[in-house]
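The structure appears below as C-alpha cells.
When a ligand or atom number is given, it counts from 1 through the structure's own listing order. Since this is a predicted model, take the numbers as computed values, not measurements. The basis for the numbers below is simple: all heavy atoms, side chains too, and nothing from hydrogens, waters or symmetry mates.
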Amino acid sequence: MSTSSNITLANLENVLAFKSLFFNNQVKLYNIQTEPLTLEPYCYSREFNRFITALDQENFVIPFNWTDWQNEGNRLIKHPEFLATADLSTLQKLLTFHVRQDRFCSGHLAAMIENGHFLAILNRLQAIHTELISVKIDISNTEIMPERLIPIQGDITKLQVEAIVNAANNSLLGGGGVDGAIHRAAGSELLQECRQLNGCATGEAKITKGYKLPAKWVIHTVGPVWKGGNQGEDNLLASCYLHSLALAEEHNIKTIAFPAISTGVYGFPIERATKIAVTQVNKFLQSHNSPKQVLFVCFSQDAYLMYQQLLKDLLKS
Ligand code: APR
C-alpha cells in the first residue's frame, strides 16, 4: 500500500515500532556533553540513533528544500494541534526538517524530545496507520463459523489453551483486571520477559511465554481507552484482535482465548466491543487456517449471554 508520500504501511510500522522509546523513562535518548567543546555538545543514545536511521531507511527523510519550509516546520512545533490533521507528506517533511536542522543547530532533536513533539508526531503517524488499516464494522454479510468461535464463561488464567490474550497497558508491566490475574498466575518470570519488550502501542500485540499458566503463550495487546467513540476506538480495538491473531498464526498457535478487551477499566461499551471482537475474529478465520479455534472468555454472566446472543444473531443473518 503506498500513499501520496510513497510511504508504505511497512515503512509506517517500522517507524512506529520506535514509539515506546518516547514514553519509556528507562531509556535515555541523549546526553549533554560537559567536556571541552572538542566533542558534539549533544550526544544521542544508540537507541535514538537507531530511530533516526530508521527514519532515513523508511523514506521519512527526503531530499527537499527544507530551509524554505522552516516557517511551516516552526508553526507545527509551536501549534501541535495542527499535527492532529497533518498528512503523511507533511510529517515526512517535518521529520526531514528536524533531522537536517540538528546538523546546523546541535541539540535541536533533544529539544523536540523534551517538548514531546516527537511523540506527538508518532501519535499522528499511529492514527494514520489505524486509518490505513481501518476496518468497517459491518456485521450484515458476515458468515459465521460456529465451530471455531466459542464463547465461554470463566477465568482465562485457568484455560488449557495454547495461548491466552492479555488486556494489558502500554507499559506491559502489569496492572489490575485480567492483566493482574494473568501476571499473578504466570509468576514473576512473565514480568521479567515483559520488561524486555519495551512496551506496546495501543492496538498492537506482543507475545511472551506463559510460565506457570496452563497456556504456553501469552499475547499481550493494548486496547483503546473509551473516549466516546470518535477517536478511532473501534479501529484500535479491531486492530488488537487482528494483531493478536496474526501473532498466533505466526507461532502456529491452534487455540487462543480472548478476554473482552477494553470493556473493564478502559470502559468500552460491552455490546459494541463484542460486535467488533466477533466480526474481526470471524473475518480473520475466513481467510486463515489457524488458529483453529478462538474462545471468547467472559468473566461475567452478562458478557457471556451477550456473546452467545450475538453469535446466534449472526448465524441467523
Ligand atoms: N478472566 C477472564 N476475563 C477477565 C478476568 C479473568 N481472570 N479478569 C477480568 N476479566 C474481564 C473483565 O471483566 C472485562 O470484561 O476482562 C475484561 C477486560 O477488563 P480489564 O481487565 O479491566 O481490561 P481493560 O478494560 O482492557 O483495561 C486494561 O486495566 O488491568 C488494567 O493493566 C490493565 O491498564 C490496563 C487496563
TODO: Look at E47 together with R50 and state whether they make a salt bridge at an N to O cut-off of under 4.0 Å.
DONE: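 No salt bridge links E47 with R50.
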Atom indices of ligand 1, in the order listed, that fall short of 4.0 Å to a heavy atom of [X]:
X	value
D179	30 (O), 32 (O), 33 (C)
D155	1 (N), 6 (C), 7 (N)
A167	23 (O), 26 (O), 28 (C), 33 (C)
T263	14 (C), 15 (O), 17 (C), 25 (O)
G154	1 (N), 2 (C)

Closest protein heavy atom (residue, atom, distance) for [atom]:
atom	answer
atom 26 (O) of ligand 1	S262 N, 2.8 Å
atom 18 (C) of ligand 1	A260 O, 3.3 Å
atom 11 (C) of ligand 1	F299 CB, 3.9 Å
atom 22 (O) of ligand 1	V265 N, 2.9 Å

Open item on the list: Please state which option from A303, G176, G175 has its nearest heavy atom closest to atom 30 (O) of ligand 1.
Closed with: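 Minimum heavy-atom distance to atom 30 (O) of ligand 1 goes to G176.
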Open item on the list: I'd like to know whether CG of N65 has more than 12 heavy-atom contacts from other residues, nucleotides or ligands below 6.0 angstrom.
Closed with: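 More than 12 heavy atoms, drawn from other residues, nucleotides or ligands, come within 6.0 Å of this atom.
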- [ ] For atom NZ of K216, decide whether the heavy atoms of other residues, nucleotides or ligands shown that lie under 6.0 angstrom number more than 12.
- [x] no
Task: Contacts of type side-chain hydrogen bond (donor to acceptor under 3.5 Å, both in side chains), residue Q70, not counting sequence neighbours - done: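 Q70 satisfies side-chain hydrogen bond (donor to acceptor under 3.5 Å, both in side chains) with no other residue.
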Task: Results of side-chain hydrogen bond (donor to acceptor under 3.5 Å, both in side chains) for E193 - residues two or more places apart only - done: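 With neighbours one apart ignored, the set is Y211.
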